[in-house]
Amino acid sequence: MGKISWSRLTFLLMLIFVLALAACGNGGSSEEETTEESTEESDTATEETEESTEESTEESEETTEESEESTEESDESADGESESAETEPKVTDFEPAFPEQTRAPEVETEAELDVEIVTEGLGVPWGMVEFDTNRLLVTQRDSAELRIVNLEDGSVSDPIEGTPEVNSEDQGGLLDVTVAPDFDESRTVFMTFSQDIEGGTVTAVGKGMLSEDETALEDFEVIFQATPAYEGTLHYGGRIIFDDDGNLFLTTGERSDDPIRERAQDLDAYLGKVIHITPDGEPVESNPFIEDEDALDGIYSYGHRNIQGVDFHPETGDLWIVEFGPQAGDELNIIEPGNNYGWPIVSYGIEYSGELINDGISEHEAQGFVEPRYYWDPTSAPSGMSFYDNDAISEWENNLFIGGLAPNYIVRVVIEDDTIVGEERLLTEEGERFRDILVTEDGALIASTDGGKIYRITEAGEGSE
Ligand SMILES: [Ca+2]
């Protein structure tokens, strides 16, 4: 125990220190951690619990089940069937009710595309609407700001004054935005947001008038609250869209937790519903449960989980929605009045814990519910969506585009006779959580991301100057 031992000890300590440094370096360079880091950077401090759970599950599968994936791929080609756009293995044992209900064949856009970042640094641009040619009203979820983004020069206005107080914890905040069909005269802007009221939070709809100088929303008032309130900050739904009669469809969520999520099945609660209201927030007179004493008059359809995207099919006029599933089981549904879409009784997904939901029944129709037109297994983490109701990129006409949060891509869905016949994943290399999608009047596909970016996608050589 002399001088020699001391120097050996020092040497050992240094060795440990160096090894520890090396270990940190290795960890940081693994793909998993890099992805997670960039997600954290682009996300605000209030990480969306559910989405991040889903993301890490997905990522671990990615690394551990690569061999399984390649087996599956070769199986498919041996069968002579066209390969699915989905290359990851399923996370459930469920089988589709009909062959085209999941894992559609991969399609590829033939046109050469220009992908341009119009602006960045926006926070979480949750909702957007083209209120004037090539000018968007854009919400920022967490800061509850509404701004104008000019797609031609990329400029972003100061926050518009007069927006509502929101609860911006977790998935809450200022959500969707749209304008009245008569906006040019009425200047009316509609927004959805998570609102604190007695007993908890609700998804609320409000409206106000955009001042002529576009700096303020005047006389903002709340016109609808999707009661009951709940002490939680997840699954607000929150998309709004006007129909041809000038009424609004609002989508809600079932507030996520067990057992509140069971209220998606109850007709005396606005949770987990598609809701149909007038611009004043009153139930539309033709609504399916208006004669039912025990049901809320605003309900249009029920049994939904967390509806994050909504649009009308340009040809059929049908209302399509995308709802965020649990682990797998995200659904595309065609909404008809009075229908029950089954959540949380049936699902093509499983709990995040891996447990079965209810008794693990996936078939909807056999249980008296409406089958989804399509579902994803594993998840596509679907958010905002828009049909391509334009012919600027002719091969995209009437296709559906959906933002994917995790994995990070835009989903293109090709539909024939209400059947999904093809799927493509776009902008897979950008590493962005795609939040909302819109198609401009001149046919550009616009996508916002949680990283605060707004992308414009056009056919190369056209659309952008
Ligand atoms: Ca369902």
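Read the numbers this way: they start at 1 and go in the same order the structure lists the ligands and their atoms. Since this is a predicted model, take the numbers as computed values, not measurements.
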Nearby protein N/O/S atoms (those under 3.0 Å) for the Ca ion (ligand 1), with water ignored: E331 OE1, E331 OE2, Y341 O, H364 NE2
With Y230 via ring pair (Phe, Tyr, Trp, His ring centres under 6.0 Å) - residues at least two apart: none
Qualifying ring-ring contact (aromatic ring centres under 6.0 Å, His included) pairs, either residue in residues 408-434, two or more places apart: F434-Y455
Test side chain to side chain donor-acceptor pair (under 3.5 Å) applied to E371 - qualifying residues, sequence neighbours left out: Q101, Y348
No-hydrogen, no-angle side-chain donor-acceptor test under 3.5 Å, T109 and R412: yes
Cationic N near anionic O, under 4.0 Å, D330 to R305: no
Side-chain donor-acceptor pair present, E254, N306, cut-off under 3.5 Å: no
